[in-house]
**Student:** 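Have a look at this one before I ask anything.
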Amino acid sequence: MTDNRTVSASTICAINELRQKGYLVGLATGRGPSFSMPYMAALNLDVAVCYNGQYIFGRSGVLAEQPLPMDSLRDLIDYAQLKRRDLSFGTANDVVGSKLLHVGVKPWAYWLASRMPDFVAHLLMAGFNHIYRRIRPKTREKMLSKLNQPIYQVMMLASKKETDKLGGRFPKLSFTRSSPFAADVISRGMSKIKGIGVVAKHFGFELNQIMAFGDSENDLEMLAGVGIGVAMGNAKKRVKQRASYTTDTNNRSGIAKALRHFRLVEGDKSDCK
């Protein structure tokens with residue numbers, strides 16, 4: 001997606017051409033099904049790996065799902081209360097909880113965050129969190145009430161430094177990042193590449209037959225684990241180092257250009273001009 005959170009015309013045309021040639025095309029994201037379904041329909045995609053591999057569905061329905069362990073969720077809520085952190089809970093149908101974190105994934109928030117260092121983005125969000133928590137305090141009971149259905153991912157306001165330390169405190173959980181403002185919390189051992197492995201097994205192909213695109217820390221294992229891992233030109237240095245190829249940015253037709261480079265689509269069709 002571009003910085004204004006839309007899919008560029010060149011990407012749409014490239015996807016259409018891939019599907020016409022018989023390729024399976026899917027979405028792998030830290031977001032949930034409610035985010036993915038409109039893109040599945042609009043782009044005619046085959047599969048969506050959601051919540052960093054925790055919830056996977058295709059045209060025929062749900063292929064796999066792994067809720068977070070309940071005891072770890074309770075421990076995480078206790079930690080959030082202690083540190084005064086807002087939480088959002090990803091369910092099969094929606095993301096519930098913090099309205100502040102919901103604001104953090106708005107197009108203008110991504111645009112702003114892409115133009116400032118990570119520590120500045122975190123300080124900004126932490127300031128909003130402090131004010132918001134004073135106005136609308138969250139009780140432990142209110143957060144526990146969100147656990148009346150399976151939870152596949154938790155989003156927690158946290159700096160990168162804090163995120164790196166949390167794995168040792170929660171042995172059943174894994175912490176990664178797709179936002180400058182928050183950590184994505186999933187089951188230990190799960191990741192986008194594990195979810196993609198489920199898709200590969202379901203459709204009968206190998207990981208080395210897959211090309212994947214990414215720009216965030218939660219894409220690291222995925223880019224290293226597939227046949228061709230493509231880093232977007234706007235990706236962090238660490239992501240580019242893990243990829244086998246770096247293309248142009250999300251705003252400059254990076255996906256279509258990489259697909260042309262590997263001769264999976266034709267230039268005159270994927271340009272969509």
**Student:** Is there a side-chain contact between L147 and M70 (heavy atoms, below 4.5 Å)?
**Tutor:**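 A side-chain contact under 4.5 Å exists here.
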
**Student:** Which value, rounded to the nearest 0.5 Å, describes the distance between M190 atom CE and L68 atom CG?
**Tutor:**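 With rounding to 0.5 Å, CE (M190) is 10.0 Å from CG (L68).
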
**Student:** Would you confirm whether R31, through its side chain, and T29, through its main-chain N or O, come within 3.5 Å as a donor-acceptor pair?
**Tutor:**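 Between the backbone of T29 and the side chain of R31 there is no qualifying donor-acceptor contact (under 3.5 Å).
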
**Student:** Show me the pairs that pass salt bridge (Lys or Arg N to Asp or Glu O under 4.0 Å) and involve residues 51-62, at least two apart or across chains.
**Tutor:**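 Qualifying pairs, neighbours excluded: D46-R59.
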
**Student:** Nearest 0.5 Å, please: how far is OG in S10 from CG in L259?
**Tutor:**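 Spacing of CG (L259) from OG (S10) equals 9.5 Å.
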
**Student:** Which residues pass the ring-ring contact (aromatic ring centres under 6.0 Å, His included) test with Y55, sequence neighbours left out?
**Tutor:**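 With sequence neighbours excluded, Y55 shows a ring-ring contact (aromatic ring centres under 6.0 Å, His included) to Y152, given in chain and number order.
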
**Student:** Can you list every ring-ring contact (aromatic ring centres under 6.0 Å, His included) pair that touches residues 190-222, not counting sequence neighbours?
**Tutor:**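 Those involving residues 190-222 do not exist here.
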
**Student:** Do any pairs count as a ring-ring contact (aromatic ring centres under 6.0 Å, His included) and have a residue in residues 216-241, sequence neighbours left out, and if so which ones?
**Tutor:**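 Passing the test, one end in residues 216-241: no pairs.
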
**Student:** Can you tell me how far apart CG (L173) and CG (L76) are? Round to the nearest 0.5 Å.
**Tutor:**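 The CG atom of L173 sits 6.5 Å away from the CG atom of L76.
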
**Student:** Say you draw a straight line from CG of L87 to CE of M156; how long is it, rounded to the nearest 0.5 Å?
**Tutor:**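 Spacing of CG (L87) from CE (M156) equals 7.0 Å.
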
**Student:** Among residues at least two apart in sequence or on other chains, which ones pass side-chain hydrogen bond (donor to acceptor under 3.5 Å, both in side chains) with T176?
**Tutor:**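 T176 satisfies side-chain hydrogen bond (donor to acceptor under 3.5 Å, both in side chains) with no residue once adjacent residues are dropped.
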
**Student:** Backbone N or O of K142 within a donor-acceptor pair of the S145 side chain at under 3.5 Å?
**Tutor:**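 A pair under 3.5 Å: yes.
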
**Student:** Could you tell me whether a side-chain N or O of E206 sits under 3.5 Å from a main-chain N or O of A200, the two making a donor and an acceptor?
**Tutor:**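 A pair under 3.5 Å: no.
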
**Student:** Is there side-chain contact between I56 and V199, with at least one heavy-atom pair below 4.5 Å?
**Tutor:**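 Yes. Closest side-chain heavy atoms under 4.5 Å.
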
**Student:** Show me the pairs that pass ring-ring contact (aromatic ring centres under 6.0 Å, His included) and involve residues 226-258, at least two apart or across chains.
**Tutor:**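 Pairs touching residues 226-258 that pass the test: Y245-H261, Y245-F262.
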
**Student:** Just jot down the ring-ring contact (aromatic ring centres under 6.0 Å, His included) partners of Y79, sequence neighbours excluded, or say none.
**Tutor:**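 In terms of ring-ring contact (aromatic ring centres under 6.0 Å, His included), with neighbours along the sequence ignored, Y79 is linked to F170.
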
**Student:** Determine whether K257 and R252 make a side-chain contact, defined as any pair of heavy atoms from C-beta on separated by less than 4.5 Å.
**Tutor:**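 Counting from C-beta outward, K257 and R252 do come under 4.5 Å.
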
**Student:** Run the side-chain hydrogen bond (donor to acceptor under 3.5 Å, both in side chains) test against T6 and tell me which residues pass, sequence neighbours left out.
**Tutor:**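 In terms of side-chain hydrogen bond (donor to acceptor under 3.5 Å, both in side chains), with neighbours along the sequence ignored, T6 is linked to T2, N4.
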
**Student:** Check side-chain contact (heavy atoms from CB on, under 4.5 Å) between T163 and all other residues, then give those that pass, not counting sequence neighbours.
**Tutor:**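 In terms of side-chain contact (heavy atoms from CB on, under 4.5 Å), with neighbours along the sequence ignored, T163 is linked to A158, F175, R177, A183.
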
**Student:** What is the distance from atom OG of S191 to atom CD of Q54, rounded to the nearest 0.5 Å?
**Tutor:**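 These two atoms lie 9.5 Å from each other.
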
**Student:** Which residue pairs pass the salt bridge (Lys or Arg N to Asp or Glu O under 4.0 Å) test when at least one of the two sits in residues 65-78, sequence neighbours left out?
**Tutor:**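 Residue pairs with at least one partner in residues 65-78: D71-K172, D78-R140.
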
**Student:** Without swapping roles, check the side chain of K21 against the backbone of L264 for a donor-acceptor pair under 3.5 Å.
**Tutor:**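 Pair found, side chain donor or acceptor close to backbone of L264.
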
**Student:** Using the side-chain hydrogen bond (donor to acceptor under 3.5 Å, both in side chains) criterion, which residues pair with D184? Sequence neighbours excluded.
**Tutor:**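 Per chain and number, D184 pairs via side-chain hydrogen bond (donor to acceptor under 3.5 Å, both in side chains) with N52, S178.
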
**Student:** For Y39 and M1, what are the C-alpha separation, side-chain angles and deciding distance, and is it a side-chain contact (heavy atoms from CB on, under 4.5 Å)?
**Tutor:** CA-CA 11 Å; Y39 294 99; M1 296 169 67; 3.2 Å; yes

**Student:** Heavy atoms, side chains only, cut-off 4.5 Å: are N250 and D215 in contact?
**Tutor:**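 When only atoms from C-beta onward are counted, D215 and N250 do not touch, as no gap falls below 4.5 Å.
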
**Student:** Rounded to the nearest 0.5 Å, how far does CD of Q241 lie from OG1 of T246?
**Tutor:**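 Taking OG1 in T246 and CD in Q241, the distance rounds to 9.5 Å.
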
**Student:** Check whether any side-chain N or O of E17 sits under 3.5 Å from a backbone N or O of E266 as a donor-acceptor pair, and report yes or no.
**Tutor:**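 Judged by distance alone, yes, a pair lies under 3.5 Å.
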
**Student:** Is it true that a side-chain atom of T91 and a backbone atom of D94 form a donor plus acceptor pair closer than 3.5 Å?
**Tutor:**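 Judged by distance alone, yes, a pair lies under 3.5 Å.
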
**Student:** Any side-chain to backbone donor/acceptor pair from R238 onto E217? Under 3.5 Å, distance only.
**Tutor:**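 No; judged by distance alone, with no hydrogens or angles, the pair does not exist.
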
**Student:** Please collect all salt bridge (Lys or Arg N to Asp or Glu O under 4.0 Å) contacts where either partner lies in residues 186-202, sequence neighbours excluded, each pair once.
**Tutor:**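 For residues 186-202: K192-D219.
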
**Student:** More than 12 foreign heavy atoms under 6.0 Å from CD of E221: is that the case here?
**Tutor:**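 No, because the 6.0 Å sphere around CD of E221 holds 12 heavy atoms or fewer from other groups.
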
